[in-house]
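I have placed the structure first, in the form of C-alpha cells, so that the comments after it can refer back to it.
In what follows, every chain begins at residue 1, and chains take the letters A, B, ... in the order their sequences are listed.
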Number of protein chains: 2
Amino acid sequence: MLNESAVLEALPQAASEAEKRVRDRGATEKAILRAAKALLSEEGFQNFGINAVARRAGCDKQLIYRYYGGLNGLVEAIGSDLGTWVRDRIPEDTGGMFLLTYGDLMERLALLFLEALRDDPLMRRIVAWEVSENTEQVRRLAESRSKALSQWLERMKGSLAPPKGVDAAAVNAILIAAIQHLVLSASAGGQCAGLALKTAKDWEKAATALKRIVRGVYG
Amino acid sequence: MLNESAVLEALPQAASEAEKRVRDRGATEKAILRAAKALLSEEGFQNFGINAVARRAGCDKQLIYRYYGGLNGLVEAIGSDLGTWVRDRIPEDTGGMFLLTYGDLMERLALLFLEALRDDPLMRRIVAWEVSENTEQVRRLAESRSKALSQWLERMKGSLAPPKGVDAAAVNAILIAAIQHLVLSASAGGQCAGLALKTAKDWEKAATALKRIVRGVYG
DNA sequence: TTCGCTACTCACCGCATAGTGACAGGCTGG
DNA sequence: CCAGCCTGTCACTATGCGGTGAGTAGCGAA
C-alpha cells in the first residue's frame with residue numbers, strides 16, 4: 001500500500017493537460033476538445049483514438065463517451081469550430097492594397113490561403129484526412145471546412161466579377177486544390193513534385209509561380 | 001473432429017488469392033505482391049498491414065517476413081514497380097496532335113496525367129499516403145514516384161522550352177499538385193472545394209479549367 | 001527407402017485498441 | 001443529517017495488431 005502511493009506520487013503528471021482539475025464538467029469538456037485538436041495537429045489522424053485523446057487530456061476515456069458520445073461526437077465538435085477558422089486565421093482586410101480586379105483579388109486570396117494553411121497544422125491534418133478516408137466522420141468534417149471556405153470566398157469577393165468566359169468556380173477549385181496539395185506535400189516531405197519547399201526562398205518561388213498562374217487565368 | 005473438417009470445407013475460400021497453390025516460392029511471392037497492391041488499392045493505407053496482406057494472399061504472414069523482410073520490404077517492392085507505371089499507363093505518343101509549343105505540350109501532359117491518375121486506384125492511394133504520413137516507407141515510395149514522373153516529363157519535353165521568365169519547374173509542380181489533389185479529393189468525396197467531380201461532365205469542366213490555366217501561364 | 005532441404009503453417013507472446021459496467025468521492029437539496 | 005445526483009476512476013472484456021520460434025509437409029537426391 002505504501003509502495004503504491006509512493007509510486008503514484010513519484011509519477012510525473014500523466015499528461016500535459018492534467019493539472020489539478022477539480023470536478024468541473026465544462027472545463028473537462030474543453031480540456032478534452034483541446035487535447036483532441038492538439039493530438040490531431042501533432043500526430044495526425046493515424047493514431048487518433050479514444051485512448052490517445054484521453055491520455056492527452058489526462059482524464060478517463062469514459063468521459064469522452066459521456067460528454068461527446070464517443071470519437072464521432074468529438075470529431076463533430078472539432079468540425080463545429082471550423083467555421084470560425086477562416087475568421088480567426090485569415091485577415092479580412094486587403095493589407096492596404098486596392099483590389100480593383102478579380103485577378104487582384106484572387107491573387108491576394110490565394111496567397112492568404114496558402115499562408116493560413118501553412119500556419120495551421122490542425123487544418124493541414126484535416127485536409128490530409130479528407131483525401132485519405134471516406135467515412136461519415138471525415139465527410140462531415142470536410143463539409144464544415146468546405147462551407148467555411150466558400151463563405152469566406154464569397155464574402156471577400158464583394159462585387160467583383162470574374163472575366164467573362166471563365167468558369168471561375170472550376171478554376172478556383174483547381175487553385176485551392178493546388179494550394180492544399182502544395183502545403184500538404186511540403187508538410188509531409190518538404191517538397192512537391194520535385195520542387196523543394198522548405199526554406200522561405202523555396203516558398204517565395206512557389207508563391208511567385210502561383211501568382212503567375214492566377215494572373216494567367218484572370219489577368 | 002468431424003465438425004471441424006465440415007466447417008472448414010463449408011468456409012468459402014479464405015482469401016481471393018488462395019487457389020491451390022503448390023509449393024512454388026516464386027508464385028507465392030507474386031501472389032503476396034499482388035495481394036498487397038490490391039489491398040492498398042481497395043482499402044487504402046489505413047488497414048494495410050502484415051496480417052491483412054497475408055489474409056488476402058491466402059498465406060501465412062511468416063512468408064512475408066521471409067520473402068520480403070516484412071512490410072517495409074514489401075512496400076519497397078511495390079515502389080520498384082512504380083518506375084514502370086508511367087510507361088504502362090500513359091501513352092507516349094501525341095495522340096496525333098502536333099505539339100508545337102511548350103503550352104501545347106503541357107496542356108496535353110496535364111490531361112494525360114489527370115486521366116492516368118483517375119484510372120489508377122493504387123497510384124491514388126500512394127499519393128494520399130505521401131501527404132498523410134512521413135515515414136521512411138512512404139518517403140521511399142514518394143521518391144520512386146517522383147523520379148518516374150520527372151523522367152516522364154523530361155522525356156516528353158523533347159527540345160521544347162518554356163517561355164522566358166517563367167519558372168517552369170515551380171509552375172509545373174503546382175499544376176501537378178492541383179491535378180493530384182483534384183483527383184484525390186474527387187476519389188474521396190466526389191468533389192473538391194465545392195466543385196462536384198462525379199460525372200463525365202463534371203470532369204470536362206475541370207479539364208477545361210485546367211487547360212485554361214495551363215494556357216494562361218504558358219500561352 | 002531415407003535423408004535433408006525448402007516451402008509452408010501454427011501457436012503463441014506482448015501490446016495496443018474500443019468499449020462497458022461497476023464503483024468511489026464530492027456537492028446539493030430535502 | 002442523509003439521499004441522490006454528478007463527476008471522475010478503475011477493472012475488465014473482446015479483438016486486433018506485429019512479431020517470433022517451433023514444428024509440419026512435400027520434393028528431390030543419394
At less than 4.0 Å, is any side-chain N or O atom of A:Y67 found next to OP1 or OP2 of D:dG8? Yes or no.
yes
Which nucleotide sits closest to the side chain of A:K61: D:dG18, C:dG19, C:dT9?
C:dG19
Rounded to whole Å, how long is the line connecting atom CG of A:L63 with atom C1' of D:dC10?
12 Å
What class does the angle between the rings of A:W152 and A:F113 fall in, given that below 30° is parallel, 30 to 60° is tilted and above 60° is perpendicular?
tilted
Return yes when atom CD of A:E143 has more than 12 non-hydrogen atoms of other residues, nucleotides or ligands closer than 6.0 Å, and no otherwise.
no
Do we see a donor-acceptor contact under 3.5 Å between the side chains of B:N172 and B:Y218?
yes
A:R139 vs A:E136, test: salt bridge (Lys or Arg N to Asp or Glu O under 4.0 Å). Steps then yes/no.
CA-CA 5 Å; A:R139 235 169 298 146; A:E136 192 55 36; 3.0 Å; yes
Could you tell me the separation between the OH atom of A:Y65 and the P atom of D:dG8, rounded to a whole number of Å?
17 Å
Nearest whole angstrom, please: distance from the P of D:dC27 to the CZ of B:R25.
18 Å
Give a yes/no on whether any side-chain N or O of B:R55 is located under 4.0 angstrom from OP1 or OP2 of D:dC17.
yes
Distance-only donor-acceptor check, side chains A:D81 and A:T84, under 3.5 Å:
no
SB check A:K157 A:E154 (cutoff 4.0 Å)
yes
Could you tell me whether the phosphate oxygens of D:dG8, OP1 or OP2, come under 4.0 Å of any side-chain nitrogen or oxygen in A:T28?
yes
To the nearest Å, give me how far apart CD (B:Q62) and P (C:dC10) are.
13 Å
Taking the six-membered ring for Trp, are A:F45 and B:F45 parallel (under 30°), tilted (30 to 60°) or perpendicular (over 60°)?
tilted
Nearest-Å distance, CG (A:N47) to P (C:dA16)?
12 Å
In whole angstroms, how far is the C1' atom of C:dT17 from the CG atom of B:N51?
14 Å
Per the atom types in the model, does the base of D:dG8 pair as donor or acceptor with the side chain of A:R66 at under 3.5 Å?
yes
What is the separation between atom CD1 on B:I50 and atom C1' on C:dC12, rounded to the nearest whole Å?
17 Å
Both A:D60 and B:G70 contact DNA chain D. Taking the nearest nucleotide for each, which residue is further toward the 5' end?
A:D60
What I want to check is whether an N or O donor and acceptor connect the side chain of A:R23 with the base of D:dC6 at under 3.5 Å.
yes
Based on Watson-Crick and G-U pairs with both distances under 3.5 Å, what dot-bracket line describes DNA chain C 5' to 3', crossing pairs as [ ] and inter-strand pairs as |?
||||||||||||||||||||||||||||||
Between C:dG19 atom C1' and A:L74 atom CG, what is the distance in whole Å?
16 Å
